[in-house]
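Scroll down for the structure; my scribbles are underneath it.
Residue numbering restarts at 1 for every chain, and letters A, B, ... go by the order of the sequence lines. Scope of the values below: all heavy atoms of this structure, side chains included, with no hydrogens, waters or symmetry mates. Quick caveat: nothing in here was measured; it's all calculated off a predicted structure.
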Amino acid sequence: MPKDFIRDIITQDIENGVYDRPITTRFPPEPNGFLHIGHAKSIVLNFGVAQEFGGVCHLRFDDTNPETEDMVYVESIMRDVRWLGYDWGEHLYFASDYYEQLYQFAEELIRRGLAYVDSLSEEEIRAYRGTVTQPGRESPYRHRSVEENLNLFRRMRAGEFPDGAHVLRAKIDMASPNMLLRDPILYRIKHARHYRTGDQWCIYPMYDFAHPLSDGIERITHSLCTLEFENNRAIYDWLVDHLIPPPQPRQYEFARLELDYTVLSKRYLRQLVEEGHVRGWDDPRMPTLSGLRRRGVTPEAIRAFVERVGVAKTNSRVELALFEHTIRDDLNTRAPRVMAVLNPLKVIITNYPEGQTELIEASYWPRDIPKEGTRPVPFSREIYIERDDFALEPPKGYKRLAPGRSVRLRHAYVITCDEVIQDPATGEVVALHCSYLPDSLGTRPEGVKVWSAIHWVDAQASIPAEVRLYDRLFRTPDPYDVEEGGSFLDNLNPDSLKIVTTARVEPSVLRDPPDTRYQFERLGYFIQDSEDSRPDALVFNRIITLRDRWAQKTRPQPAPTTRPRSRPQPPPQEPVIPEKESLSEARARARAQNPNLQAAYQTLQERLGLTPQQADIITGNIDQVRFFHQAVTTYPQGGQALANWFINRLLALLKERPITDLPFDGAAFARLVKQVEEGIIHQRQGQQVLEIMVRTGQDPEAIIAAQGMRKVSDEDALRAVVEQTLAAHPEKVAAYRQGKTGLLGFFMGQVMGATQGQADPQVAKRLLEEALLGK
RNA sequence: UGGGGGAUAGUUUAAUCGGCAGAACGGGUGACUCUGGAUCACUUAGUCGGGGUUCGAAUCCCUGUCCCCCAGCCA
C-alpha cells in the first residue's frame with residue numbers, strides 16, 4: 001500500500017498512543033445521488049486505512065436534508081460499496097438516527113451560552129454576515145437569555161413556527177476572518193417529510209453541526225474528507241472540543257479525484273441523465289460506479305486505479321490514460337480470448353471442400369497468460385474477416401491482407417488473397433477469393449511470407465450480435481473549459497457511442513455465463529450488456545479498446561488545439577489596485593512609526609555592514625532588536641555571522657512565535673555563534689545545539705560538553721575514513737567518476753555518519769574530492 | 001480584496017536529520033510475437049521565479065508569481 005500523508009499521521013498517532021480505541025474511519029455519503037469514481041477514492045481510502053491499521057470503517061449516511069434524500073439512493077450506495085469489495089459489518093449508521101442526541105447537544109450549547117435562536121430572515125442573516133473582506137455584524141437576537149433560547153428552540157422542535165422563522169446558531173465570532181465561524185447555523189426549520197424519520201421532526205441539523213458530532217458519537221478517530229472542507233475544520237474542532245470527550249476525532253482533508261474528459265459533479269451528472277444525453281445513471285459512458293459496472297469494468301481495476309493515483313493535497317486532474325491502462329491491465333489476465341468480427345468482409349476459400357466444416361481447438365489464452373482452456377471454433381469454406389484487415393492498396397507498414405499477400409487466420413490456416421471481387425458500379429470490395437495452405441495448421445509454412453495473423457469467424461456458424469462501442473463522453477480534457485457563455489454540454493463528444501449491428505461472434509460464447517468478460521482478439525475487451533442482451537439477441541458493450549500502436553502511428557495526432565482558454569474570467573481588473581500589505585511592508589511601516597526601530601535599522605547597516613535586507617528582517621519588532629543588540633554586545637566581532645544565524649536559523653526554529661518565548665537570551669545565542677566561528681564546532685553541530693537550546697534553554701557550552709561535540713579537522717584521521725567510505729561503495733565511486741557528481745552528497749553523508757557528525761565538513765569534502773578525482 | 005490551503009518530468013506521485021531527485025502512466029526506439037495485445041530492454045523529461053544561509057537545499061530564511069476553497073437556512 002502506498003504511503004501518504006494521512007497514513008503518516010495515523011502511524012504517528014498510533015506510535016504516540018493518541019487514541020484509546022482502534023483506528024475508526026467512516027465513509028459518509030449523503031443519499032441524494034449515485035456514487036461515482038470520485039467516491040471510490042474516498043471509499044478505498046477510508047476502508048483501506050481501517051483495514052491496514054486493524055481498525056474499522058463505518059458506512060454512515062449523512063441524511064440531514066430531507067428534501068433531496070431517498071431510500072433508493074441508500075440502497076444503490078450500499079450496493080456499490082459492496083460491489084467495490086468493502087464490508088462495513090454491523091457499522092451501518094444514519095445521521096437521522098442521531099437526531100435526538102444531536103438535539104440534546106444543541107440544548108447543551110444553549111444552556112452553556114454557546115448557541116442562540118436567531119429570528120432574522122434569511123436575507124438579513126446574509127446581510128449581517130458581511131463579506132470576505134468585511135466583518136459581519138451581530139444579530140440583535142444574539143444576546144437572548146438562555147431561558148428564552150431554550151423556550152424558542154423547544155417550540156421550533158414542537159412545530160410552532162413556519163419554515164424560516166428562526167434558526168439556531170452557534171455563538172462564535174461574527175468578525176472572524178473565516179466566514180464559516182460567523183455564528184454558523186446549526187438548525188433550520190423545515191416542515192418536510194424525511195425518508196426515514198417521516199414527520200417526526202420539523203427541525204433539521206446542518207452538516208457543520210451533524211457531521212462532527214456524528215463522528216463523535218461513533219467515536220471516529222480520523223475523519224477524512226475532501227479539500228473544500230478545510231475551512232469547515234474550525235467548526236468541527238469547536239464543536240468536538242466543546243461536546244465530545246477526548247480523545248476527539250480529527251478531520252484531515254485530501255484532494256478529490258478529477259479525471260480527464262469526465263465530469264464528476266453531481267449536478268452535471270444529473271443534467272446529463274435528465275436531459276437525455278446519456279441513457280441513464282448506469283449508462284456505460286457514465287463515471288458512476290453503476291455505469292462502470294455495466295460497462296464491464298471490474299471493482300479490482302477501480303481500486304487499483306485510485307490506489308495508483310494516491311492521496312495528497314494538490315488539486316489534480318488525472319489523465320484518462322492511467323485509468324485505461326489499469327482497466328486493460330486487470331482484464332488482460334482475466335478475460336478469455338475469443339473472436340468476433342465487427343465489420344465483416346466475406347472470404348471464400350476456393351480450395352477448401354464445399355460443405356465441409358471442421359472444429360479447431362483454440363486456446364482461450366495467449367502464451368504469456370498462465371491459464372488453460374480451449375473451445376472449438378468452426379471453420380469452413382466461407383468465413384468473415386474484418387474489413388479493416390484487407391487493403392486493396394496497402395499503405396506503407398501495413399501488415400495485413402492485400403492482393404497476393406498471405407496472412408495467418410488466427411488459430412487456423414494461412415491464406416493467400418488471389419482475387420478481389422468488387423461491385424462493378426461502386427468499386428466496393430464485396431468478397432475475397434483466397435486459397436489456403438492445408439499443411440499450415442499449427443505450423444509455419446516454408447517459403448511463404450506470412451504478414452500477420454488476423455481474426456475471423458465462420459460465415460455459417462457465427463452468431464450475429466449488436467456491439468456498442470463507447471468512447472469518452474467529452475471531447476476536451478477539461479469539459480468545464482468552455483467558450484464565454486457556453487455550457488459543458490458543448491464539449492460533449494458526439495461519437496461517444498457507436499452502435500454496430502453487423503457484428504458476428506464465434507458460437508462458443510453461447511456456452512458462457514452472460515457476465516463473462518472477453519477479449520475479442522485484436523479489438524478490445526467486451527461484456528454482454530446486463531440490461532439488453534438476450535441469448536437470441538446478443539448485445540455486447542466494449543469495455544475498452546486494446547492499445548493500438550498501428551492506429552496511433554497512422555492517425556497523426558490532431559494538432560493539439562491551442563484555442564485560447566476561456567475559463568471563468570477573473571472579474572475585470574479594478575482600476576485601483578488594492579495594496580496588499582506584505583510582511584516586508586508591515587516591517588517598513590513599523591519602522592516608520594517607531595524611531596527606535598528605524599535607528600536600529602540604520603545602525604545595523606552602518607556599524608555592522610549588514611545588507612538592508614538583513615537589517616530589515618532583524619528590525620521587524622523591538623524585541624528582536626533588543627535580543628540582537630544583546631548578542632552583538634556579547635560578541636562584537638560576530639556581526640555578519642550573528643545576522644545569518646539569527647535570520648536563517650533562529651527564526652526558522654521560532655516559527656511564528658515571538659522571540660520573547662525563547663528560554664535563553666541574546667548573550668547565550670552569541671556564545672553559540674562564537675563557538676562555531678572560532679572552529680570549536682562546525683555549522684551543523686551549531687544548528688543542533690541551537691535546537692536543544694530552544695527546547696531546553698540550556699547554555700551552549702553545557703550542551704556541547706554533554707554531547708561531547710567537537711570538530712575533527714585532522715586530515716590523516718579523516719583521510720582514513722574517506723578511504724574506507726570509497727572502498728565500501730566501489731560502484732558509486734565509478735558512477736561519480738562517470739559524471740554523477742551529485743553522489744558527493746551521498747559520500748559526505750557516509751563520512752559524517754562514520755564520524756558521528758564530528759568531521760569538519762570542509763576538510764572532508766576536500767579530501768573526498770581529492771580521493772575521487774585523484775585516482 | 002480578508003482568511004484558509006496548494007505548487008516536484010506531459011500527468012499523478014515519492015524523497016528519515018538538510019546528504020544519490022525515485023516510481024508509475026504517457027511519449028519515443030528496438031527485441032519478441034499465430035493478437036499492430038501482452039512482455040522485455042533502452043530512451044525522453046522535473047524541484048514555480050528571484051535572492052540568501054550552508055561543505056551540501058525540493059527541504060531552512062527573505063521575496064515575488066500562479067492555482068484552489070469560503071459570503072447556502074446544501075453536503
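In this model, no donor atom of one side chain and acceptor atom of the other lie less than 3.5 Å apart for Thr611(A) and Gln613(A). Remark: the Arg26(A) side chain and the His211(A) side chain contain an N/O donor-acceptor pair separated by less than 3.5 Å. Gln614(A) and Asn644(A) form a side-chain donor-acceptor contact under 3.5 Å, judged by distance and modelled atom types alone. In the model, Asp183(A) has no side-chain atom that pairs as donor or acceptor with a side-chain atom of Tyr128(A) under 3.5 Å.
Taking Tyr364(A) as the reference, nothing meets the ring pair (Phe, Tyr, Trp, His ring centres under 6.0 Å) condition, with sequence neighbours excluded. Scored by the ring pair (Phe, Tyr, Trp, His ring centres under 6.0 Å) test, Tyr141(A) finds no partners at all (sequence neighbours excluded).
The base of rC69(B) is paired with the side chain of Asn231(A) by a donor and an acceptor separated by under 3.5 Å. Residue side chain Lys190(A) does not reach the base of rC73(B) through any donor-acceptor N/O pair under 3.5 Å, judged by distance alone. The base of rG56(B) is paired with the side chain of Arg684(A) by a donor and an acceptor separated by under 3.5 Å.
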Given protein heavy atoms under 4.0 Å, the one-letter contact record of nucleotides 45-54 of chain B, with B base, S sugar-phosphate only and - none, is simply -------BBS

How does protein reach along nucleotides 31-44 of chain B, written 5' to 3' as B (base within reach of a heavy atom under 4.0 Å), S (only sugar-phosphate), or - (no contact)?
--SBBBBB------

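Nucleotides rU16(B) and rU11(B) have their P atoms positioned 23 Å apart, rounded to a whole Å. Taking atom C1' on both nucleotides, rA24(B) is separated from rG18(B) by 28 Å, rounded to a whole Å. Nucleotides rC61(B) and rC68(B) have their C1' atoms positioned 26 Å apart, rounded to a whole Å. Straight-line distance between the C1' atoms of rG27(B) and rC62(B): roughly 40 Å, to the nearest whole Å. Across rU44(B) and rA23(B), the matching C1' atoms stand 15 Å from one another, rounded to whole Å.
Tyr187(A) comes within 4.0 angstrom of no nucleic acid atom, judged by non-hydrogen atoms across all strands. Among the atoms of the strands shown, only primed sugar atoms or phosphate atoms (P, OP1, OP2) are found under 4.0 Å from some heavy atom of Thr64(A). Heavy atoms of Leu744(A) sit nowhere under 4.0 angstrom from any nucleic acid atom.
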Reading RNA chain B 5' to 3', what string of ( ), [ ], | and . shows its pairs, if Watson-Crick and G-U wobble pairs count only when both distances fall under 3.5 Å?
.((((((..((((.....[..))))((((((.......))))))...(((((..]....))))))))))).....

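Map Lys41(A) and Asp616(A) each onto its nearest nucleotide of RNA chain B; the residue landing nearer the 5' end is Lys41(A).
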What's touching nucleotides 6-12 of chain B from the protein side, N or O pairs under 3.5 Å?
from    : atom 1 : to        : atom 2 : distance (Å)
rG10(B) : N2     : Glu319(A) : OE1    : 3.0
rU11(B) : O4'    : Glu319(A) : OE2    : 3.1
rU11(B) : O3'    : Arg317(A) : O      : 3.4
rU12(B) : OP1    : Arg317(A) : N      : 3.2
rU12(B) : O2'    : Val309(A) : O      : 2.6

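Between Arg256(A) and rG5(B) there is no side-chain polar atom (N or O) within less than 4.0 angstrom of OP1 or OP2.
You'll find the side chain of Phe229(A) stays beyond 4.5 Å of the side chain of Tyr236(A), heavy atoms only.
Of the candidate nucleotides rC20(B), rG2(B), rC69(B), rC20(B) has the atom lying nearest to any side-chain atom of Lys740(A).
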